[in-house]
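What follows is a short report on a single structure.
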Protein chains: 2
Amino acid sequence: MVETTRRREIESAASTLFRERGYSGTSVRDIARAVDIQGASLYAHVSSKQDVLWSIVERMASRFEAAADVVEAGDPGALVFGPRVQLMSLVRAHVRVLTDDVEAARVFVREWQALEAGRRDSIASRRDAYEARFRAAIDIGVEIGAFGDIDPALTATYILTALNGLVSWYSPTGRLSPRTIAEAYADLSVRAVQPPGGPS
Amino acid sequence: MVETTRRREIESAASTLFRERGYSGTSVRDIARAVDIQGASLYAHVSSKQDVLWSIVERMASRFEAAADVVEAGDPGALVFGPRVQLMSLVRAHVRVLTDDVEAARVFVREWQALEAGRRDSIASRRDAYEARFRAAIDIGVEIGAFGDIDPALTATYILTALNGLVSWYSPTGRLSPRTIAEAYADLSVRAVQPPGGPS
DNA sequence: CCTACCGATCGGTAGG
DNA sequence: CCTACCGATCGGTAGG
């Protein structure tokens, strides 16, 4: 369980399989076959099937958090342009993480509930905290009147589920580039929170 | 396999289990236990586990189609008020079907890919046709300038995935009523397609 | 709807 | 990383 490249190979193969068949629809032998070893040999690299799922989900959770950190720390325009720009940046960052590794992203979005209780709870609260960052931007926008009179929590959920929906249709070889999608989704999201008269 | 009420009981119990653990994470014995019979006895009512999934998914597909039929046939205002009202009505109808039976809706949204190839393809094309009805409303709005300059296909996907996201958080006992959600989601969706200057 | 049973496969361990 | 193996469980059938 030391050699990192082999471990990554396994996680990558597992991501694809978990995405296609789900966590419980994928057997340890399926994963082993995908990396051309015997089923039992997989345990030379991982300690359990749960362990593989955890690695994938945990890594993706960290990526989303790191991307939001960059947005919140690095954008000097946030204070100038306010919640509109902040929300658009968060959306673009989220889409970028999703499209950077759709296989793993899909596992994160759809299979995290297959984690054992303790780990599942940990991911659940990290997801809540992450969603709160979107909610915060919307809160401010509503307060200062830059956004319409919307429910911030419900709106954050609406937007985030729309973004996460990407994992069920996006393909790197599809007609739309990650950039195009990120821009279109940022526009749609920011327009959804607009006040009736349009942006000021 | 005649008695309808028992069959419905089984499908309802299966919906809950499929929602919680996924199709492949649920055993035939799990379903049987939920309706208090022996595992093998389930086969007196259903012909296979796939069969149960199919019944749930097919029924939900029909409900979505029927709801959209009502919107398209029954609303005399559609011609007067145009694509804005049409889109809002489609959104409201979709949310209503989702909230009417979240357990089954979640199975429809998340487990239909566990169907065997033929049935999966059939559902896939019905989903495409359904999404096309949203796309059509958006197409018209863009053409006549009621909506902004957006990609109708991408926008329809954005909206529909946001709506379907409901299945991962909605609870009948939660703080938000189906009506409140339907109205908020219709507003958010219609604002997302708005032209820059706001509605005319 | 039950008991009894089927072959196949499951996640994982032992011991090299 | 392999062979050999473990007990448990899988979806489903036979026969009543």
Side-chain angles (χ1 to χ4, degrees), chain A residues 1-58 107 110-120, chain B residues 1-58 107 110-120:
Chain A
M1 270 175 265
V2 182
E3 212 203 326
T4 291
T5 65
R6 195 60 165 158
R7 168 84 194 211
R8 287 296 170 97
E9 248 184 272
I10 290 168
E11 285 172 20
S12 160
S15 291
T16 304
L17 289 163
F18 290 166
R19 192 210 58 172
E20 286 169 4
R21 320 176 183 182
Y23 175 75
S24 38
T26 302
S27 77
V28 165
R29 266 99 181 152
D30 289 335
I31 301 170
R33 197 179 307 118
V35 294
D36 259 308
I37 58 175
Q38 293 299 311
S41 303
L42 204 78
Y43 289 89
H45 303 284
V46 305
S47 58
S48 71
K49 190 182 155 190
Q50 265 282 327
D51 188 42
V52 178
L53 176 62
W54 173 249
S55 296
I56 297 166
V57 170
E58 209 284 326
V107 174
R110 304 185 52 156
E111 302 295 331
W112 69 277
Q113 312 185 43
L115 288 169
E116 45 170 38
R119 289 168 161 177
R120 189 177 58 235
Chain B
M1 269 174 262
V2 181
E3 212 203 324
T4 290
T5 65
R6 195 60 164 156
R7 168 85 195 208
R8 287 297 169 100
E9 246 184 273
I10 290 168
E11 285 172 21
S12 161
S15 291
T16 304
L17 289 163
F18 290 166
R19 193 212 57 172
E20 285 170 4
R21 320 174 184 185
Y23 175 74
S24 37
T26 302
S27 76
V28 165
R29 265 98 181 156
D30 289 335
I31 302 169
R33 196 178 309 118
V35 294
D36 260 306
I37 58 176
Q38 294 299 310
S41 303
L42 204 78
Y43 290 89
H45 303 283
V46 306
S47 58
S48 70
K49 191 181 152 190
Q50 264 283 325
D51 189 42
V52 179
L53 177 61
W54 173 248
S55 296
I56 297 166
V57 170
E58 209 284 326
V107 175
R110 303 185 53 156
E111 302 296 330
W112 67 277
Q113 313 185 43
L115 289 169
E116 46 170 37
R119 288 168 163 177
R120 191 177 56 236

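A quick note: this is a predicted structure, and the numbers were derived from the prediction, not measured.
Atom CZ in B/Arg29 sits roughly 12 Å away from atom P in C/dC2 (whole-Å rounding). Look at CD on B/Gln50: it is 14 Å from C1' on D/dG12, rounded to the nearest Å.
Between B/Leu42 and B/Lys49, every side-chain heavy-atom pair lies at or beyond the 4.5 Å cut-off.
Taking all atoms of both residues into account, the shortest heavy-atom contact from A/Leu53 to A/Glu111 is CD2-O, 3.9 Å. When all heavy atoms of B/Ile56 and B/Ala14 are compared, the closest pair comes out as CD1-CB, 4.2 Å.
In the set C/dG11, D/dG12, C/dT3, D/dG12 carries the atom at the smallest distance from any side-chain atom of B/Val28. Proximity note for B/Ser41 (side chain, C-beta onward) versus C/dG12, D/dG11, C/dC1: the nearest is C/dC1. Residue A/Ala44 has its side chain nearest to D/dC1 when only C/dG11, D/dC1, D/dG12 are considered. Of the candidates C/dG11, C/dC1, D/dC2, D/dC2 carries the atom nearest the A/Gln38 side chain, counting heavy atoms from C-beta on. Side-chain proximity of A/Ile37 to the nucleotides D/dC1, C/dT3, C/dG12 is greatest for D/dC1.
Nearer the 5' end of DNA chain C, as judged by each residue's closest nucleotide, is the contact made by A/Arg33, out of A/Ala40 and A/Arg33.
Side chain of A/Tyr23 to backbone of A/Gln50: a donor-acceptor contact under 3.5 angstrom is found.
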Next item on the list: Show your working on side-chain contact (heavy atoms from CB on, under 4.5 Å) between B/His45 and B/Val35 and close with a plain yes or no.
Entry: CA-CA 12 Å; B/His45 303 283; B/Val35 294; over 6 Å; no
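Across the helix from C/dC1-D/dG16 to C/dG16-D/dC1, the helix axis at one end is tilted relative to the axis at the other end by 0° (nearest 10 degrees, each axis from five pairs).
In this structure, B/Ser27 reaches the D/dC10 phosphate: one of its side-chain N or O atoms is under 4.0 Å from OP1 or OP2. Phosphate contact (OP1/OP2 of C/dC1, side-chain N/O of B/Arg6, threshold under 4.0 Å): present.
With respect to B/Ile31, the side chain to side chain contact (heavy atoms under 4.5 Å, CB included) criterion is satisfied by exactly one of B/Leu17, B/Ile37, B/Val46: B/Leu17.
Among the atoms of the strands shown, none is found under 4.0 Å from any heavy atom of B/Ser24.
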